[in-house]
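To keep things clear, I will list the structure first and then write my remarks on it.
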Amino acid sequence: MNNVIDFIQVNRDRYLDELKALLAIPSISALPEHTGDVRRCAEWCGDEMGRIGLQNVELIETPGNPVVYGDWLGAPGAPTILFYGHYDVQPVDPLNLWESPPFEATIRDGEIFARGSADDKGQVFMHLKAIEAHLKQNGRLPVNMKLILEGEEEVGSANLDDFIRANKSRLAADVVVISDSAMFARGVPSICYGLRGLVYFQVDLRGSSTDLHSGSFGGALANPAFVLAQMIAQMKDRSGRIRIPGFYDDVRELTAEERAAWASLPFNEKTYRKDFGIPKLAGETGYTTLERTWARPTLEVNGLLSGFTGEGAKTVLPAVSMAKISMRLVPDQDPNKIADLFQKYVEENAPKTVEVKVTRMHGGKPWMTSFDNPFVQAAGRAIEKGFGRAPIFTREGGSIPVVSTFQEELGLPSVLFGVGLPDENAHAPNEKLDVGNFHNGIIASAILYDEVSRLKV
Ligand code: BES
Ligand code: ZN
């Protein structure tokens, strides 16, 4: 192992230069004008997999963006790791809030700033460099590895479940490794054992066939902006509980052990509030902030649009209003069931004064694993060696829907070892990855493969 770690130390600066090239490709999956860039990024990743010595590299077509596949299967009898990551990124707007251009990676104060630095290109690249170090130094990996990189994670992975179902034998493995999450805090590495699920909707209301003069017509009909605001306001009660009938039926309660463990984590609500400029924290009564974000379901408005929003004033009754509304789900809530409840609730509660259209968008199941599984323990040892500190076990509020697909379709456990930070600005301006975490993450990943190779499967 030492020669592998030496290689990683010596190549530290080269890794950053190469990562910059990957981060320069604007692979924004949400925007059709970037479809070509997304494909270019897939090709870049495939070329890189070949360069580092992976075999059977292939861009596998889907109805959407290609999946990049590569493997190294030269360790018969040893375990097989299936690595999953994504090469697509979120849009960059509002562009004017970026301190350096989102696709010109810039290092400031020990952080590399660029869209995708943390979510997820930087963390994918960390594993590619760990693999490269083994292959260049030893000509082999201690385990078998299969890698799949997806190009549609940020838009809901519409084609990934079908891809996995169609490639079950090709993807057969013993464990899935994913680095697409954050550490608990700077200097506090963690392993994530739970993710929330998601259901996402667009709600459109129409109050008239065209915008109307608010003087001539105001008072005669319902204003769809007002109706939508009222409907949204009704969705939660004063204690922050969601009022959709049946919403909480399948929620798995927190255990006393989890509550006690989380209460002892180094989390300071005041610092959290200050770090993110939040005047006062708010949420469901009876739960702490970590409990609210990791283990309780939520309903949030992601966007709201209606009427005149330009400069100055315009006296108008908008014809339409629109909201993007999503719910984060926890075990054992089922996205389909919750989606049906939400749709029914909105349709039944919309007043007759407006036309309502409810459109279901993407979603995914929540996921949770026990952390006494030997792969998680192996990752714990690797992280301790790479970061000089044993990881703590956390859940996360975000979603990686494919994790439950791996469990259900391939019967595979997942190990979520992320090296981002809570203030990494994922999905926001000035996304960044700590250079030290990236570097230690390469070392920990290289050690992880070695630790996994010692497990009996
Ligand atoms: N890297 C995130 C997932 C994540 C976020 C894990 C925070 C842990 C903490 C991933 O790229 C992401 O943003 N996922 C989407 C999924 C959705 C589009 C189905 C999310 O959580 O919104
Ligand atoms: Zn993301």
Side-chain angles (χ1 to χ4, degrees), residues 23 27-31 38 64-65 84-92 102 114-127 149-161 176-185 189-202 276 290 292-295 297-303 324-330 333 335-336 338-339 360-369 391 393-406 414-429 431-433 441:
L23 293 171
S27 51
I28 305 170
S29 50
L31 302 177
V38 173
N65 299 325
Y84 163 85
H86 63 95
Y87 64 86
D88 65 323
V89 299
Q90 286 276 334
V92 295
R115 172 58 85 233
S117 53
D119 184 10
D120 178 31
K121 288 174 176 175
Q123 301 204 60
V124 166
F125 200 64
M126 171 177 108
H127 284 272
L149 306 184
E150 189 202 350
E152 300 182 305
E153 196 274 349
E154 299 290 8
V155 288
S157 303
N159 297 299
L160 193 64
D161 283 3
V176 176
V177 171
I178 301 176
S179 291
D180 190 22
S181 51
M183 309 193 334
F184 182 71
S190 49
I191 291 179
C192 171
Y193 68 94
L195 293 164
R196 288 196 289 191
L198 184 74
V199 275
Y200 202 113
F201 280 95
Q202 177 167 328
F276 298 102
L290 286 182
R292 287 169 178 168
T293 54
W294 289 356
T298 59
L299 180 152
E300 294 296 345
V301 177
N302 299 110
K324 306 270 187 185
I325 298 176
S326 66
M327 285 147 275
R328 295 280 169 177
L329 310 178
V330 299
Q333 286 177 299
N336 286 319
I338 296 294
R360 184 174 170 189
M361 299 165 92
H362 56 55
K365 291 183 184 170
W367 168 81
M368 200 164 137
T369 185
F393 291 94
T394 61
R395 282 164 70 175
E396 282 274 14
S399 310
I400 309 177
V402 70
V403 178
S404 73
T405 311
F406 286 134
S414 289
V415 175
L416 269 64
F417 145 56
V419 303
L421 285 172
D423 66 350
E424 68 193 10
N425 297 324
H427 298 202
E431 181 177 347
K432 63 185 181 188
L433 179 66

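Just the heavy atoms: all of them, side chains too, but no hydrogens, waters or symmetry mates, feed the values below. Remember, it's 1-based here, ligands and their atoms both numbered in the order they're listed.
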Exercise. Counting no waters, what protein N/O/S atoms lie under 2.8 Å from the Zn ion (ligand 2)?
Worked result: D119 OD2, E154 OE1, E154 OE2, H427 NE2

For this session: Only counting residues at least two apart or in another chain, list the ones meeting ring-ring contact (aromatic ring centres under 6.0 Å, His included) with H362.
Result: Y200

Problem set entry | Reported CE-to-CD distance for the pair M361 and Q202, which is rounded to 0.5 angstrom | 5.5 Å

Problem set entry | R395 side chain vs L290 backbone, donor-acceptor pair below 3.5 Å | no

Problem set entry | Whether S27 side chain and Y87 backbone form a donor-acceptor pair below 3.5 Å | yes

Problem set entry | Polar side-chain atom of S179 near backbone of Q123 as donor-acceptor pair, under 3.5 Å | no

Exercise. Counting distance only, does the side-chain N/O of D88 pair as donor-acceptor with the main-chain N or O of E154 below 3.5 Å?
Worked result: yes

Exercise. Can any side-chain N or O of S399 pair as donor or acceptor with the backbone N or O of R196 at less than 3.5 Å?
Worked result: yes

Problem set entry | With E431 via salt bridge (Lys or Arg N to Asp or Glu O under 4.0 Å) - residues at least two apart | R115

For this session: Quick one: pull up CE in M327 and CD1 in I338 and give me the separation to the nearest 0.5 Å.
Result: 8.0 Å

Kindly print each ligand 1 N/O atom paired with any protein N/O atom under 3.5 angstrom away, one pair per line, or none if nothing qualifies.
unit_1, atom_1, unit_2, atom_2, d
ligand 1, 1 (N), D119, OD1, 3.3
ligand 1, 1 (N), D180, O, 2.9
ligand 1, 1 (N), D180, OD1, 2.8
ligand 1, 1 (N), D180, OD2, 3.2
ligand 1, 11 (O), H86, NE2, 3.2
ligand 1, 11 (O), D119, OD1, 2.9
ligand 1, 11 (O), D119, OD2, 3.4
ligand 1, 11 (O), E153, OE1, 2.8
ligand 1, 11 (O), E153, OE2, 3.3
ligand 1, 11 (O), E154, OE2, 3.2
ligand 1, 13 (O), E154, OE1, 3.4
ligand 1, 13 (O), H427, NE2, 2.9
ligand 1, 14 (N), E153, OE2, 3.1
ligand 1, 14 (N), S399, O, 2.9
ligand 1, 21 (O), R328, NH1, 2.9
ligand 1, 21 (O), S399, N, 2.9
ligand 1, 21 (O), S399, O, 3.3
ligand 1, 22 (O), R328, NH2, 2.9

